Amino acid sequence: MSYRTFKERVDQISEFLADRGVAPGDRVAILSENGPHWGVAFFAVASMGAVAVPILADFTPAEVHISSAFRGAGLFVSEKQYAKLEDASFEHLKLRS
């Protein structure tokens, strides 16, 4: 991914977050394995003044469940990690799709 493409994606995600009510100081979790998409999510959150909360992809479902108790505004989850959230409840999130 070029730096230009990276910046464009960061800007798009930042705008997406802001349009859904995520504001500076809000916490947004990221549960994903390493890759360009993780960096885009992290920089999008940080560039708008929100707080990125990384959740390690190596965590077990029980550890992720504990981490999901945080009261953040949003959560990015990769397809591979999604199954770890089966029992979690995220009604409080501003960001949903």
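Computed from a predicted structure; not experimentally measured.
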Quick one: side-chain hydrogen bond (donor to acceptor under 3.5 Å, both in side chains) partners of Gln12, sequence neighbours excluded?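 Not a single residue meets the side-chain hydrogen bond (donor to acceptor under 3.5 Å, both in side chains) criterion with Gln12.
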
With sequence neighbours left out, what residues match Tyr82 under ring-ring contact (aromatic ring centres under 6.0 Å, His included)?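 Residues passing ring-ring contact (aromatic ring centres under 6.0 Å, His included) with Tyr82: none at all.
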
Who pairs with Lys7 by salt bridge (charged side-chain N to carboxylate O under 4.0 Å, His left out), at least two apart in sequence or on another chain?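 Lys7: salt bridge (charged side-chain N to carboxylate O under 4.0 Å, His left out) contacts with Asp11.
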
Would you confirm whether Asp19, through its side chain, and Phe16, through its main-chain N or O, come within 3.5 Å as a donor-acceptor pair?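 Side chain of Asp19 to backbone of Phe16, a donor-acceptor pair under 3.5 Å: no, none is there.
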
Output a table of donor-acceptor pairs, distance under 3.5 Å, between side-chain atoms of residues 30-58 and any protein atom two or more places apart or on a different chain; print 'none' if there are none.
from: Ser32; atom 1: OG; to: His37; atom 2: NE2; distance (Å): 2.9
from: Glu33; atom 1: OE1; to: Ser78; atom 2: OG; distance (Å): 3.0
from: Glu33; atom 1: OE1; to: Gln81; atom 2: NE2; distance (Å): 3.4
from: Glu33; atom 1: OE2; to: Ser78; atom 2: OG; distance (Å): 3.2
from: Ser47; atom 1: OG; to: Ser14; atom 2: OG; distance (Å): 3.1
from: Ser47; atom 1: OG; to: Phe43; atom 2: O; distance (Å): 3.0
from: Ser47; atom 1: OG; to: Ala44; atom 2: O; distance (Å): 3.2

Glu8 atom CD, neighbour heavy-atom count above 12 within 6.0 Å: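 Counting other residues, nucleotides and ligands, CD of Glu8 exceeds 12 neighbours.
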
